[in-house]
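Positions are given from 1 along the sequence.
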Amino acid sequence: MEEEEKIQEAYNRLLQHYTKSNHRKKVDVIQKAFNFALNATKNMRRPSGEPYMMHPIAVATIVSAEMGLGSTSICAALLHDVIEESDYTIDDIKVIFGDKIAQIVDDLTKIAGGIFGDKASEQAENFKKLLLTMSEDIRVILIKICDRLDNMRHLDKQPVQKQYKIAGETLFIYAPLANRLGLNQIKTELEDLSFKYEHPEVYAAIEKKLSYTHEQREHLFDSFTTPIKEVLDKNGVNYEIKARIKSPYSIWNKMQKKHVSFDEIYDILAVRIVFKPKTKDDEVKECFNIYVELCKLYQSHPDRLRDWLSHPKANGYQALHVTLMSKEGRWIEVQIRSERMDEIAEQGFAAHWKYKTDEDPMNTERVAEDELNGWLRTIKEILDDPQPDAMDFLDAIKLNLFASEIFVFSPKGDIITMPAGCTALDYAFQIHTFLGTHCIGAKVNHKLVPLSHKLKGGDQVEIITSNSQHVQPIWTNFVTTAKARNKIQALLRKRDRELAKEGNEKLTAWLEQNGLTLTTSIMDKLSEAHNIKLHDRMLIDIAKGNITLGESDLDIIYNKFKKQKASHRGKGWRKFIPFVKPKSTKNDPANKYITVGKDFDRNQTITITEDNIQYYKFPGCCMPIPGDPILGLINNLNQVEIHSRSCIEAAKMKSSFGTKVLAATWNMRGEMSFMTRIAMKGIDRKGMVKDVTVMLSDLFDVNIHRITANTEDGVFSAEIELKVRDNSNLGDIISQLETINGMQKVYRI
């Protein structure tokens with residue numbers, strides 16, 4: 001009875017949010033969906049032990065209260081797990097609730113259980129389904145994001161390794177999707193929750209420091225905004241001033257990128273002015289009027305004015321950002337936007353305009369519609385080009401999800417939206433594949449630049465082409481957009497296929513001249529002899545003339561050569577023993593290899609000790625050392641890789657091989673040495689490198705593996721690869737290096 005009351009209370013809160021919205025009130029159909037879902041899930045429970053029905057109600061509440069969607073989306077959210085978890089079919093949903101709700105539920109069912117399967121290829125295919133359904137009915141992905149948000153809010157009930165898998169997946173895909181769709185609040189919460197479970201200690205430390213500095217920020221906010229309030233009141237502006245505090249994840253991300261401490265981050269506080277315009281046509285004008293008044297009060301930063309009014313971001317975001325110097329000598333960013341702009345910024349325009357016609361007759365935000373449709377077209381182009389490797393596909397999508405926008409101009413003055421950091425070649429492919437394929441250079445602001453030239457906002461770009469130019473493999477090293485990369489790779493694959501065909505014809509003709517017929521065995525022998533793994537690659541080399549067939553090749557074919565013993569052990573791999581579940585770990589204190597949880601495949605904990613350290617690989621991507629938060633990943637070869645939890649490569653693998661994530665903990669400190677990298681900067685002087693190396697070798701007895709040093713305009717910089725025992729030992733080294741005369745900053749890479 002108590003559980004029934006709890007479910008009813010949650011449902012009543014959902015209805016309360018819905019009836020307060022501007023949507024047409026269709027409570028009857030929502031009630032019908034609630035009763036249907038309640039009956040279908042009556043015997044089910046969540047990992048926390050509470051009734052499963054609390055989950056669809058929570059998802060529907062997020063859909064209504066935090067996204068502002070209407071009855072169709074609410075019903076679909078209530079029903080999103082019914083097909084997967086009960087005996088009901090999609091036809092049953094269609095008969096009772098109609099085609100539209102049934103279609104959304106069907107699409108949600110197809111991508112249920114997360115978008116990532118056990119294998120990368122399955123994961124990529126599911127992700128393609130997700131994006132395809134998104135382009136057909138964007139409510140599918142919006143509800144899926146709400147589903148993920150509720151799961152993240154209850155992630156503490158899951159085993160540790162499942163937490164890593166879900167948190168990594170969320171940070172890798174869902175948070176960028178939410179950001180691209182303008183769901184700022186949800187994006188921030190997804191990032192923070194992922195951060196909380198991936199780095200609990202760091203998250204707690206940042207939260208604690210934010211709590212300590214709360215009073216200082218309040219004082220700064222009050223002293224900074226008091227003059228602003230006075231001048232806005234004097235001008236009759238109907239406004240609200242809010243303090244915006246940087247999220248823990250954003251703070252940590254900036255600490256990592258800038259190599260600074262918490263105390264060195266000065267933009268934790270920002271001020272947001274949200275006003276109600278006298279008329280909708282005047283809202284942009286009023287934004288600039290407020291900006292002018294602020295600049296009379298405070299000195300503005302000349303390089304930090306961001307005008308998102310004239311050219312909104314691709315996710316529909318509009319605002320005017322200005323950075324002002326407070327009386328306390330602190331730069332503070334002020335965001336100026338109307339109530340409409342604020343609503344779009346927090347909830348996302350995708351939730352407002354796309355389906356206003358069937359739930360609200362006001363069909364607004366046409367500019368935003370064009371921006372989103374343009375992005376969806378780009379996504380479809382990626383989907384239409386088959387990617388042989390799932391991780392390549394994901395990388396291509398990520399290039400689009402994370403990209404910030406700049407605006408450049410064509411020779412005729414047309415505005416083209418491009419990702420920040422894009423090159424002239426990216427722009428060429430954006431305009432047309434022919435331009436990209438035959439591009440030999442560009443004129444940016446009437447000056448000749450190479451293909452790799454990075455564009456800036458406001459540049460005018462003219463592409464120079466030549467019919468003799470063709471795509472080059474090196475181009476993939478500097479293009480940044482998914483569209484350009486995919487087109488280049490597709491054209492290179494097409495060229496390789498043509499060359500392989502030509503090489504096959506040459507090889508066949510040569511064999512026939514020598515009375516032989518082409519067979520797989522002959523291909524294997526020739527490939528091995530020329531140290532080429534793939535047959536197609538050998539055929540391409542034959543076509544290019546890199547391999548000249550002769551008598552030695554005939555000797556190889558007739559086995560008149562000695563086979564070289566090739567080592568299959570990859571560089572960096574230590575001795576590896578395949579997983580074998582120990583007979584017992586309960587009463588065997590001497591067992592220092594693998595401690596196994598309840599479910600061998602999905603609930604396993606590795607304890608790394610000095611005895612079993614040789615059975616695992618430590619890749620060079622992140623170089624974890626004892627004391628770092630780590631995790632284990634079983635790769636395709638059934639090998640265990642140990643990564644730092646913040647490793648970019650690990651984030652990719654968590655997303656692709658989520659069920660193979662293993663919780664890992666260090667059980668050793670100081671017994672062995674591990675490779676790591678540090679960087680340093682300072683004022684250049686004679687003997688600086690000598691002082692660094694002497695301190696490392698004499699004071700710490702450290703083995704320096706590699707050192708590179710450089711001086712430019714009186715500034716000394718160096719990177720050192722060295723072996724340390726653990727992160728405490730590394731911390732001592734960094735502290736001592738910072739005491740060297742002229743040294744300004746030392747940090748781990």
Exercise. Is a side-chain N or O of R485 found less than 3.5 angstrom from the main chain of T476, in a donor-acceptor match?
Worked result: yes
For this session: Can you see which heavy atom on L190 is nearest to which on A178, and at what distance?
Result: CD1-CB, 4.3 Å
Problem set entry | Neighbour count above 12 (heavy atom, 6.0 Å) for Q256 CD | yes
For this session: Without swapping roles, check the side chain of T225 against the backbone of I228 for a donor-acceptor pair under 3.5 Å.
Result: no
Problem set entry | Side-chain heavy-atom pair F195, P248 within 4.5 angstrom cut-off | yes
Exercise. Rounded to the nearest 0.5 Å, how far does NZ of K196 lie from CD of E207?
Worked result: 8.5 Å
For this session: Indicate yes or no for a side-chain donor-acceptor contact from Q163 to the backbone of Q158 under 3.5 Å, with no hydrogens or angles considered.
Result: yes
Exercise. Are R748 and D628 close enough, and set up right, to give a salt bridge (Lys or Arg N to Asp or Glu O under 4.0 Å), and what steps lead you there?
Worked result: CA-CA 12 Å; R748 181 180 176 188; D628 289 345; 2.7 Å; yes
For this session: Answer yes when D701 and K723 have at least one side-chain N-carboxylate O distance shorter than 4.0 Å, and no when they do not.
Result: no
Problem set entry | D342 and K242: CA distance, side-chain angles, deciding distance, salt bridge (Lys or Arg N to Asp or Glu O under 4.0 Å) verdict | CA-CA 11 Å; D342 187 60; K242 308 174 185 177; 3.3 Å; yes
For this session: Kindly compute the distance separating CZ (R725) from OG1 (T676), expressed to the nearest 0.5 Å.
Result: 14.0 Å
Exercise. When rounded to the nearest 0.5 angstrom, what is the spacing between CG in L425 and NE2 in H453?
Worked result: 13.0 Å
For this session: Could you tell me whether K745 and E264 make a salt bridge, using a distance below 4.0 angstrom between a side-chain N and a carboxylate O?
Result: yes
Problem set entry | Side-chain donor or acceptor of T423 paired with backbone N/O of D426 under 3.5 Å | yes
Seminar exercise, completed: Of all heavy-atom pairs linking R306 and D303, the shortest is NH1-O, 3.1 Å
For this session: Decide salt bridge (Lys or Arg N to Asp or Glu O under 4.0 Å) for R153 and E189; before the verdict, give the C-alpha distance in whole Å, the side-chain angles of both, and the deciding distance to 0.1 Å.
Result: CA-CA 9 Å; R153 288 172 176 174; E189 187 174 355; 2.7 Å; yes
Exercise. Does F262 reach the side chain of I268, with side-chain heavy atoms less than 4.5 Å apart?
Worked result: yes
Exercise. How many angstroms lie between atom CG of D307 and atom CD of Q318, to the nearest 0.5 angstrom?
Worked result: 9.5 Å
Problem set entry | Which atom of V322 lies closest to which atom of S300, heavy atoms considered | CG2-CB, 4.0 Å
For this session: Mind checking the CD-OG1 spacing from Q299 to T323? Nearest 0.5 Å is all I need.
Result: 12.0 Å
For this session: List the atom of P176, the atom of L171, and the distance in Å for their closest heavy-atom pair.
Result: CD-O, 3.5 Å
For this session: Report yes or no: does S735 contribute a side-chain atom to a donor-acceptor pair with the main-chain N or O of G731 at less than 3.5 Å?
Result: yes
Problem set entry | Check: P419 and K483 side chains under 4.5 Å, non-hydrogen atoms | no
Problem set entry | Considering all heavy atoms, the nearest T480-G421 contact | CG2-O, 3.5 Å
Exercise. Is the closest side-chain heavy-atom distance between D726 and F674 below 4.5 Å?
Worked result: no
Problem set entry | Centroid separation Y203 to Y249 less than 6.0 Å | no
For this session: For the residue pair Y317 and H321, categorise the inter-ring angle as parallel (less than 30°), tilted (30 to 60°) or perpendicular (more than 60°).
Result: perpendicular
Exercise. So do the side chains of N179 and L183 get within less than 4.5 Å of each other, counting heavy atoms only?
Worked result: no
Exercise. For E201, does the CD atom have more than 12 heavy-atom neighbours from other residues, nucleotides or ligands under 6.0 Å away?
Worked result: yes
For this session: Determine, stepwise, if the pair R706 / E719 fulfils salt bridge (Lys or Arg N to Asp or Glu O under 4.0 Å).
Result: CA-CA 8 Å; R706 182 183 291 112; E719 286 189 10; over 6 Å; no
For this session: For the pair I488 and F429, evaluate side chain to side chain contact (heavy atoms under 4.5 Å, CB included) and give the outcome as yes or no after the intermediate values.
Result: CA-CA 9 Å; I488 292 167; F429 274 103; 3.7 Å; yes
Problem set entry | Atom pair CD1 (I206) and NE2 (H199), whose distance is rounded to the nearest 0.5 Å | 10.0 Å
Problem set entry | Donor-acceptor pair, side chain of R645 and main chain of E198, under 3.5 angstrom | yes
Seminar exercise, completed: With S194 as partner, the option from L155, T170, I166 fulfilling side-chain contact (heavy atoms from CB on, under 4.5 Å) is T170
Problem set entry | Non-hydrogen side-chain atoms of N741 and R685 separated by less than 4.5 Å | yes
For this session: Before giving the answer on side-chain hydrogen bond (donor to acceptor under 3.5 Å, both in side chains), spell out for S223 and E328 the whole-Å C-alpha distance, their side-chain angles and the decisive distance to 0.1 Å.
Result: CA-CA 9 Å; S223 62; E328 287 83 356; 2.9 Å; yes
For this session: Show your reasoning for whether side chain to side chain contact (heavy atoms under 4.5 Å, CB included) applies to V271 and F224.
Result: CA-CA 9 Å; V271 172; F224 181 75; 3.9 Å; yes
Exercise. Are the charged groups of R330 and D267 less than 4.0 angstrom apart, N to O?
Worked result: no
Exercise. Is there a side-chain hydrogen bond (donor to acceptor under 3.5 Å, both in side chains) between E218 and H214 once you walk through the steps?
Worked result: CA-CA 6 Å; E218 278 201 334; H214 175 69; 3.2 Å; yes
Problem set entry | Evaluation steps, side chain to side chain contact (heavy atoms under 4.5 Å, CB included), between I683 and F716 | CA-CA 6 Å; I683 307 302; F716 162 81; over 6 Å; no
Exercise. Quick one: does L324's side chain get under 4.5 Å of W331's, heavy atoms only?
Worked result: no
Exercise. What heavy-atom pair brings G329 and M325 nearest, and what distance separates the two atoms?
Worked result: C-SD, 3.3 Å
Problem set entry | Verdict with reasoning, E738 to Q736, per side-chain hydrogen bond (donor to acceptor under 3.5 Å, both in side chains) | CA-CA 5 Å; E738 287 177 335; Q736 286 299 314; over 6 Å; no
For this session: May I ask you to decide whether D459 forms a salt bridge with K454, counting only side-chain N to carboxylate O separations under 4.0 Å?
Result: no
Exercise. Is the NZ atom of K681 crowded by more than 12 outside heavy atoms at less than 6.0 Å?
Worked result: no
Exercise. Do the side chains of E721 and M623 get nearer than 4.5 Å, heavy atoms only?
Worked result: yes
Exercise. Counting only heavy atoms not in R217, do more than 12 fall under 6.0 Å of its CZ?
Worked result: yes
Problem set entry | side chain to side chain contact (heavy atoms under 4.5 Å, CB included) between V692 and M680, intermediate numbers included | CA-CA 10 Å; V692 170; M680 54 191 71; 3.9 Å; yes
